[in-house]
Amino acid sequence: MSQQMHYDENSGERQSPPYQGYGVSYQDPFIASSGQKLSTQEFGRGASAGQRLALAIVSIVLLLGATAIIFGNPSIVVTPILLIAFGLICITILAVNAIFNNSH
């Protein structure tokens, strides 16, 4: 007994028609979000606690570095110009920290 398959009997294995592209009713969910921000924090709300901590650490390191340069070498004569420069560095660091933390 030989079995013959007709084309119509294999209806479950027919190929689907080729894809014709996006339909009119299709809405891509990523197109609407292309201009949205990824973070939930709004811009301009201020710094996070981690950013404030990082600024404080960097400020202390800069202040210690300036102190070590000015007062650490005994061969450097501390003049009023160096003291004024050191005071300007301290005031600048304080101002940056105050502005940065005040915006929060």
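When side chains are defined from C-beta on, Ile69 does not count as touching Asn73, because their heavy atoms never get closer than 4.5 Å.
A distance of 5.0 Å separates CD1 in Ile70 from CD1 in Ile89, rounded to the nearest 0.5 Å. Within the model, atoms CG of Leu62 and OG1 of Thr92 stand 11.0 Å from one another, a figure rounded to the nearest 0.5 Å. Atom CD1 of residue Ile57 and atom CZ of residue Arg52 lie 13.0 Å apart, to the nearest 0.5 angstrom.
Following chains of ILVMFWY side-chain contacts shorter than 4.5 Å, one cannot reach Ile60 starting from Val58, and the two form parts of different hydrophobic clusters. Residues Leu63 and Phe71 are members of one and the same hydrophobic cluster, defined by side-chain heavy-atom contacts under 4.5 angstrom among Ile, Leu, Val, Met, Phe, Trp and Tyr. In the hydrophobic cluster analysis, where Ile, Leu, Val, Met, Phe, Trp and Tyr join through side-chain heavy atoms closer than 4.5 angstrom, Leu53 is grouped apart from Ile93.
Annotation for Ser59 and Asn97: closest pair OG-ND2, 2.9 Å, computed over non-hydrogen atoms.
Panel note: side chain Asn102, backbone Ala98; no donor-acceptor pair is recorded below 3.5 Å.
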